[in-house]
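Report on the structure given below.
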There are 2 protein chains.
Amino acid sequence: MTGSSRPGHPRLRRTAGDRRAQLVQIGLELLPTTPVQELTIDEVARRAGISRSLLFHYFSTKREYYTAVTRAAADLLLEHLLPAPGTPAEQQVPGMLDRYVGWVETFPESHLAFVRGAGGGDPWVSEVYEETRGRLVEVALTTLDLPDDTLRRQLVLAWFAFTEDLVGSWVQEPTMTREELLALLRDVLDRLTTDDGRGR
Amino acid sequence: MTGSSRPGHPRLRRTAGDRRAQLVQIGLELLPTTPVQELTIDEVARRAGISRSLLFHYFSTKREYYTAVTRAAADLLLEHLLPAPGTPAEQQVPGMLDRYVGWVETFPESHLAFVRGAGGGDPWVSEVYEETRGRLVEVALTTLDLPDDTLRRQLVLAWFAFTEDLVGSWVQEPTMTREELLALLRDVLDRLTTDDGRGR
DNA sequence: GTAGCTTGTTGAGCGTTGCTCAGCAAGCCG
DNA sequence: CGGCTTGCTGAGCAACGCTCAACAAGCTAC
């Protein structure tokens, strides 16, 4: 029944790489509307016009599949955020922040799905999420010319959580101008990192 | 097979209230080790010594069940955090912060499960989580004698995200003293709320 | 061209899990 | 004892993740 998607076409045979890419792509398209872990093999296979079995040929487990989808989403985000090579150091963090807000403005549900899905309990997915956050912290600390010690990592990671939450709710209900938001976020980060983590 | 849990006992018949409470209790005990949504009816019923069907007699849907469990967990947390009546206003927020850190120190996995499980995609669970955060913000704003406008709510909620993240990682790897942590958190909150949300 | 190999692809089917439903039986009342 | 309420069960269905044996598309070799 799932077999030949169109009666006219005898059967379409793709290369392994193409098929994998197609399946991940379908996952990405479904991501905004469905929590990653709730993607059903049936649905994905149906959209791809293939049988369930074939999906298991490429991803030996459902978890392996949606982890791949999550990683693809994370890579898209990173690619969008990371500063273009040659950007002056002092512009890198502001630029990333600005692009981050833009990203959330453009794909609010998609972003929510990624951030939320991260916590969804599955260690594999969380790992991808943590890895992404880790790489962003690294870039931030490097370009801010700050030592990469445990304390500062913790503070910047917590600031990420702050940023994700605030930007998320700000997009839903803009309580200040975009510039004020960016200034506030940068200000909090500055104070956290230059204070050596201690108040007063 | 699941029926009479002990061969000796003919069959145990409980009142509706007792049974519900028992089932929710079992869910709470499983919560630290299992993401809420991954609780299986089979497992819970087995632990309660009843058939799967009975669980559906009390909770018409699995989601209804684990939402009840989540709500119970949230209530436990709130009960622990909310200040005792008669506490002087200026002590309420510090007290809650202190008890929050204590809670995370005592039940690290349990806390992680709650915070993480919150985002897990399910709107019902997220709602319980948001509701809990909302009530905490309300208490905070009231006792800090601050106006309860949208901007301030957003800032305090984002500060919660900051706090959850930082306390969570601090428990795993204490990069400062407990007092420094508390002071830092209070300081960030103070600056956010007294600055009217704008830096400088 | 056809034989043969590789490999993309399928269908039938199994175990688990969420959920339904008809009916049993425990305990109380008359 | 008869009858009522209601806690409770077992069989069974549909959906889903996953397996496995086998088919067939497209390439190369002769």
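Naming convention: chains lettered A, B, ... in sequence-line order (proteins, then strands); numbering from 1 in each chain. A quick note: this is a predicted structure, and the numbers were derived from the prediction, not measured.
For A:Arg19, the side-chain atoms get nearest to C:dT9 when compared with the rest of D:dG17, C:dT9, C:dG18. Closest contact between the side chain of A:Ala16 and the listed nucleotides D:dC18, C:dG8, C:dA25 involves C:dG8. Listed candidates were C:dT9, D:dC8, D:dC18. Nearest to the side chain of B:Leu54 is D:dC8. Among the nucleotides C:dT17, D:dC8, D:dA25, the one closest to the side chain of B:Asp42 is C:dT17.
Distances shorter than 4.0 Å separate none of the side-chain N or O atoms of A:Tyr65 from OP1 or OP2 on D:dG17. For the OP1/OP2 pair of C:dT9 and a distance below 4.0 Å, the side-chain nitrogens and oxygens of A:His57 include no atom meeting the criterion. Not one side-chain nitrogen or oxygen of A:Arg52 sits closer than 4.0 Å to the OP1 or OP2 atom of C:dT9. Using a 4.0 Å cut-off, no side-chain N or O of A:Arg13 falls inside it from OP1 or OP2 of D:dC27. Within the 4.0 Å cut-off from OP1 or OP2 of C:dC19, at least one side-chain nitrogen or oxygen of B:Thr61 is found.
One interatomic measurement links the two molecules: CZ of B:Arg63 to P of C:dC19, which rounds to 9 Å at whole-angstrom precision. As a whole-Å value, the separation of A:Glu38 CD from C:dT17 P is 17 Å. The CD1-P distance, from B:Ile50 to D:dG10, rounds to 12 Å in whole Å. Counting to the nearest Å, the P atom of D:dA15 and the NZ atom of B:Lys62 are 17 Å from each other. Rounded to an integer number of Å, the gap from CG of A:Leu23 to C1' of C:dG8 is 12 Å. Rounded to whole angstrom, the span from the CG atom of B:Leu55 across to the C1' atom of C:dT20 amounts to 14 Å. Atom CZ of B:Phe59 is separated from atom C1' of C:dT17 by 18 Å (rounded to the nearest Å). Put simply, CD on A:Glu43 is 15 Å from C1' on D:dG17, counting in whole angstrom units.
Between the side chain of B:Lys62 and the backbone N or O of B:Gln37 there is at least one donor-acceptor pair closer than 3.5 Å.
B:Ser53 contributes a side-chain N or O that forms a donor-acceptor pair with the base of D:dG10 under 3.5 Å.
The CZ atom of A:Arg19 lies 5.5 Å from the CD1 atom of A:Ile50; values are rounded to the nearest 0.5 Å. Here B:Asp165 contributes atom CG and A:Glu164 contributes atom CD; the two are 8.5 Å apart, rounded to the nearest 0.5 Å.
B:Leu81 and B:Val171 fall within a single hydrophobic cluster, where Ile, Leu, Val, Met, Phe, Trp and Tyr side chains are chained together by heavy-atom contacts under 4.5 Å.
Taking the six-membered ring wherever Trp is involved, the centroid distance between the rings of B:His111 and B:Tyr100 falls below 6.0 Å.
Using a 4.0 Å heavy-atom cutoff across all strands shown, B:Tyr58 reaches sugar-phosphate atoms only and no base atom.
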